[in-house]
Each structure stands twice: as C-alpha cells, then as structure tokens.
Amino acid sequence: MSKVARTIVPLHLTGLARRFTLPQALRRAALLVDRSGLLPAVEAALHHQVGAPREFTARALLTGLAVHALRLEEMHLTRVLDTIADLPRTARSGLGLSGRATYRMLWHAYTLLIRALDNGTLATPHNHPEQPTPPGEHPVPCPDGCPHEPISVSAFAGRLLDSSLPEGFPLTGVLAIDSTDYETWARRRAWTPKPDVDPDHVPVDDTPPPRRKRPPNEPGWPRTGADGRLQHTIDPDAREGYRSGTNAAPGNVFCGHDLHLAVNARALGAPEVPFVITAMHLAVAGSHKGDAGINLLDQHLARHPDTREVIADRGYSYCTPTRWAHPVRARRLEPVIDLHPQQRGTHPGPLTDTVIIDGTIFSDALPHPLRDLPGFPLGMRTAEKAKLRARYDQRAAYAFTPHSRPDTDGYQRLKGPAVAGHLRCPNHPRSMRLPHTRPTSTCRPGNNCTCGKTLTLSPDTTAWTQQRTSWGTTAWATDYGRRAAVESGNAEIKTHRLHMDRGFTRVLGTTKNSVLIAFALAGLNHTLLRAWHTKRNLPDPWAHAAGEPEETARALPGPRTRARRRSTSLTALIDGAPPG
C-alpha cells in the first residue's frame with residue numbers, strides 16, 4: 001500500500017490554517033474579557049444614559065471584538081459585525097443581543113467607548129453610591145478600598161494584553177522593544193520635500209529615491225494640525241514619519257503612526273521563551289521615540305514591576321539622555337543598546353590618561369591599532385564578523401568595568417582593567433601575578449597610569465552610550481542579539497500571522513486605532529502561545545481554562561523531511577480536502 005503524502009503548511013499560510021475555530025474563539029474571548037476587568041467600566045460608559053435599554057451591550061462589543069481578533073482577521077468593524085452574526089443564537093443571547101445587531105448599533109457603542117477614553121471618563125465603577133458634590137466644592141473622595149480607577153488608552157491596551165497571558169505565566173524580566181510603521185487608511189492629499197520628524201530622531205536620508213513624479217498638493221493641503229505639525233490627510237492624528245529600509249528597499253516617508261511594541265525576551269544564558277507581546281503604544285508618526293518608549297515601558301511596569309532589562313535599538317538610544325537614558329535608569333532598568341555611527345568615536349575620558357571609545361572608558365594603555373575599529377555593515381559575512389569581534393574582545397581587556405551598582409543619585413564606581421583582573425600592568429604588582437594569557441600593558445614602571453585606579457562616574461558623563469558590555473564585543477553581540485524577540489514580533493504582525501499594514505483598520509484617530517490594534521495583539525498572543533507549545537509537544541496553556549481537550553500535536557518536520565513531501569493547494573488546505 002502506498003503511503004499518502006502528508007501536507008505541510010506554507011509559512012505564509014500558517015496563521016490562516018491554524019487559526020481558532022469559532023467555538024474556540026468564543027470561549028477564549030469570554031475569558032479574555034472577564035480577566036481584563038474592563039467590562040464594568042465599559043458598561044458604565046455605555047449604559048449610563050436614561051431611556052430604553054441598550055440593544056447592543058458592552059459585553060457584546062468587547063466579546064465581538066475579541067472573537068474577531070482571535071480569528072486573525074483584519075479589524076474592520078463591518079467584519080466584526082459579520083463575526084457576531086455568525087455566532088450561534090444561544091451565544092448571542094448570552095451576550096445580551098435579543099435581535100439582529102446592525103452596524104449602526106456597533107458603531108454607536110464603539111464611538112461611546114472611544115469618547116470615554118478620549119475624555120478620561122472611562123473608569124471602574126465605584127462600589128458605593130456616589131455622593132452628590134455641592135456647587136463650588138471638590139468631589140467627595142472615595143473611601144478606603146474603593147476600586148474606582150480611571151482607565152486610559154494605555155491602561156486599556158495593557159489590561160487586554162495582560163489578560164491574554166495565562167494565569168501565572170512566567171515572564172523573564174527582559175523586554176525587547178521596537179517600533180514599526182502603521183500607515184493611516186486615509187488618502188494622502190499633500191507632500192513635503194523633507195521628512196517631518198522629531199529633531200531627536202536618528203538622521204534620515206531626505207533624498208527621495210527615483211520614482212514617478214508626485215502629484216501636486218490638493219488645494220488647502222497640507223493643513224496645520226492641533227499639535228502644530230502639518231496634517232496631510234483627513235485623519236486628525238496622522239502625521240509624517242520615516243520608516244527605515246527593509247529587504248533591500250530604501251527608507252521612505254509615510255503618513256500615519258508609529259506602533260511601539262514590548263516583547264518578552266529570554267534571559268541571558270537561558271533557553272528561548274514564547275515571544276508574547278506584553279505592551280503596546282501607538283504614537284503619532286514622527287513624534288519623539290524616547291517619550292513613546294518610556295510610555296511603553298510604564299505600561300508594562302504597571303503590571304510587571306519586577307522587569308530588570310530592556311533591549312533597544314538606536315532609534316531609542318540615539319535620543320538625548322534626559323528623554324531616554326535617564327528615565328530608563330530611574331525605573332531601575334538595565335539598558336542593552338545599539339549605537340549609531342554618530343554615537344561612536346574617540347573622546348577624552350573623565351580622568352587624565354583615560355579615553356572614551358564607542359561609549360566605554362578605557363585606560364590610555366590601549367594600543368592604537370585597537371582604538372579605531374570599523375563597524376558591522378549590512379551584508380557582512382559571519383566569518384568576517386567573528387574576526388572583527390575578536391579585535392573588539394581584545395580591546396575590552398583595557399576597559400573600565402563596574403565596581404558596584406549605581407547609587408540612587410546615578411553615580412557609579414568603576415575599576416581599572418588591572419584592578420578587575422583583565423590586564424597585567426607593571427604599575428599594579430598584584431596584576432602581574434595574573435596568568436600570562438592576560439594581555440600585558442606597555443605602561444612604564446613608575447608612571448602614574450590609570451590601569452590600577454578606580455573612578456566615580458557621574459550619570460551624565462556617558463549616559464548617551466553607557467551599557468554593561470563594551471559595544472562590538474562577542475559578549476555585547478550575545479546580549480543584544482536577544483532583541484530578535486521583538487523583530488520576530490514585527491514579522492508576526494506584518495507577515496506570518498497578521499497583515500498589519502495599511503487598511504488593517506479603517507478608522508481615523510489614535511484612540512480608535514489603538515483599541516482595535518490592542519484586541520488584535522491580544523488575539524495574536526493566544527495563537528503564538530498555542531504554536532509555541534504545539535511545536536514542543538506540550539499542551540496549550542489556555543486549553544484547560546477554555547474547556548478545550550488538552551491534546552498535543554506532533555512537532556513540524558525538519559528540513560530534510562519537509563523537502564520530500566508535497567504541498568497542497570490553498571483551496572484544499574482550507575477546505576480540508578485530502579492532498580494529491
């Protein structure tokens with residue numbers, strides 16, 4: 001008997017073929033809404049008016065959005081309405097829908113939610129009757145124990161993402177953060193010759209690539225928005241931003257928002273973990289990335305205060321220290337960063353006979369051939385990178401390293417390379433007893449060199465570039481390489497699971513888009529967790545809570561096995577037809 005060829009799921013169809021069924025999505029959506037604690041606040045915002053009872057309930061709104069997000073669909077309100085219509089009659093009755101829901105009902109409920117978020121009136125209700133406030137007096141404060149809490153857009157998104165993780169899900173305490181472009185759905189009506197980005201932004205190439213001639217600006221455009229920046233579309237919050245080039249495509253200007261994501265990354269030296277999204281922040285494109293990154297961290301820290309590390313690229317580290325480095329360290333976070341070419345170079349050190357190179361303080365005994373080392377350009381071969389990192393490792397032996405943790409005021413003690421045991425120096429007799437495998441400095445005996453000294457570093461001396469490992473070394477590459485977690489998250493939302501590009505949402509405004517994207521990312525976390533555990537023959541951590549059978553699926557075949565199997569057509573894959 002001939003063996004039947006087994007199908008494999010192409011990478012770009014993974015999200016479609018492995019999405020949740022409607023009953024699964026309904027059960028998980030109910031858990032998501034209940035665990036988020038948002039329902040009482042949304043009910044208070046939607047059902048506070050007098051008159052006939054609302055036909056489209058708050059539970060129907062939140063659950064409908066969650067079910068649709070778990071199905072990995074584009075977050076169009078018309079499609080959300082179709083998903084609600086597909087629910088069984090008993091399920092719709094459980095959501096408080098007595099009849100057929102219309103788009104007008106959905107839009108009105110969604111608009112009231114957005115209005116409450118914009119006005120700052122969305123909050124968990126009081127657990128006591130509100131006391132009337134006499135004219136001219138301040139409101140009566142809530143008694144002790146009252147859970148009344150205002151819910152901002154950031155808190156709304158944070159609660160959704162937190163509730164998408166199983167109870168007791170172990171986070172590593174390490175965050176990898178990044179931003180990606182999110183283009184507005186509104187049609188562009190005007191263009192400007194230069195990118196309208198914040199002065200703290202990484203330098204961009206404002207020379208447009210050779211393309212067809214742009215059409216002239218429409219009459220009356222661009223306008224001046226409420227924030228004083230130019231508005232190019234009817235979207236009141238969309239602004240110009242710059243997205244760097246990817247896949248050999250040059251960088252270019254877009255109009256919309258910057259979506260900042262925080263992703264759970266593995267601890268240094270620990271095994272890999274699921275790259276779940278723990279926080280999101282939708283900022284106006286071209287706005288200050290440091291401020292947006294701090295808002296992102298605050299959203300995560302509000303629910304996970306034990307976080308200790310943040311891995312960020314040069315889009316954040318290039319910002320002035322008062323807008324990024326100092327706030328990060330004030331939150332007791334250890335930054336692991338990349339450096340822009342303008343942040344590198346040689347500068348005078350805080351002491352005589354010291355020098356700062358690429359953000360690290362070195363003894364002046366550092367040999368000159370190790371001072372001006374090249375960077376790592378795109379497309380550099382792995383063997384060449386390894387050889388260059390070996391030279392950076394040789395240079396690290398002459399670096400000052402932390403002698404103690406930073407004080408509360410930001411000052412920190414550093415010890416010289418001979419004190420740290422990394423370098424043999426004739427002016428520090430104790431270091432000469434180190435193994436001869438350690439490099440020996442060329443310092444003249446009796447000279448007042450800095451190899452065996454300690455110094456106190458002020459928080460402003462190297463705040464722009466300071467991190468625990470020297471940039472370019474093998475240790476730094478291992479440390480910073482964990483940022484692949486957030487790059488994987490970007491790939492999931494852009495290509496593999498979702499297609500979060502222009503048209504993914506078709507609403508205008510930061511708040512409206514933030515709510516829909518937050519639901520989409522919460523639904524994505526469920527899919528990522530199931531895929532992670534399925535690949536390792538482990539039960540889905542949400543299966544038991546959602547009342548699903550705890551079954552384990554066989555891991556995907558390796559490359560050799562996959563090469564001998566035939567794929568199937570898209571129609572057969574979706575319809576479940578046998579291959580062949």
Residue pairs passing the side-chain hydrogen bond (donor to acceptor under 3.5 Å, both in side chains) test with at least one member in residues 84-101, sequence neighbours excluded, are none

key: Parallel, tilted or perpendicular: rings of Trp107 and Tyr103 (30°, 60°)   = parallel

For Glu487, does the CD atom have more than 12 heavy-atom neighbours from other residues, nucleotides or ligands under 6.0 Å away? yes

Those residues at least two apart in sequence (or on a different chain) that pass ring pair (Phe, Tyr, Trp, His ring centres under 6.0 Å) with Tyr318 are His340, Trp464

In Val310, Thr307, Asn264, Ile177, the residue satisfying side-chain contact (heavy atoms from CB on, under 4.5 Å) with His300 is Thr307

Contacts of Asp237 meeting side chain to side chain contact (heavy atoms under 4.5 Å, CB included) (sequence neighbours excluded), chain-then-number -> Asp235, His257, Thr510

Original post:
Charged N to carboxylate O below 4.0 Å: is that the case for Asp198 and Lys289?
Top reply: no

Smallest heavy-atom separation, Val273 atom then Ala265 atom, equals CG2-C, 3.9 Å

* Look at the rings of Phe20 and His526 and say which category their plane angle falls in: under 30° parallel, 30 to 60° tilted, over 60° perpendicular. => perpendicular

Side-chain donor/acceptor pairs under 3.5 Å, residues 321-328, sequence neighbours excluded:
{"from": "Arg323", "atom 1": "NE", "to": "Asp291", "atom 2": "OD1", "distance (Å)": "3.0"}
{"from": "Arg323", "atom 1": "NE", "to": "Asp291", "atom 2": "OD2", "distance (Å)": "3.3"}
{"from": "Arg323", "atom 1": "NH2", "to": "Asp291", "atom 2": "OD2", "distance (Å)": "2.6"}
{"from": "His326", "atom 1": "NE2", "to": "Asp460", "atom 2": "OD1", "distance (Å)": "2.8"}

Using 30° and 60° as the class limits, which term best fits the ring planes of Trp476 and Tyr480: parallel, tilted or perpendicular? parallel

Tell me, do Leu113 and Phe156 make a side-chain contact under 4.5 Å, heavy atoms counted? yes

Smallest heavy-atom separation, Ala522 atom then Leu160 atom, equals CB-O, 3.8 Å

Heavy atoms of Thr184 and Arg502 approach each other most closely as O-NE, 3.1 Å

**Message:** Can you confirm whether Arg332 is buried at CZ, in the sense that more than 12 heavy atoms of other residues, nucleotides or ligands lie under 6.0 Å from that atom?
**Reply:** no

Quiz prompt | Pairing of Arg239 and Asp196 as salt bridge, 4.0 angstrom limit | solution = no

Closest non-hydrogen contact found for Asp479 with Ile311 is O-CD1, 4.1 Å

Non-hydrogen side-chain atoms of Leu22 and Val67 separated by less than 4.5 Å
yes

For residues 253-280, the salt bridge (Lys or Arg N to Asp or Glu O under 4.0 Å) pairs (sequence neighbours left out) are Arg266-Glu272

Residues at least two apart in sequence or cross-chain that pass side-chain hydrogen bond (donor to acceptor under 3.5 Å, both in side chains) with Asp298, listed by chain then number, are Arg331

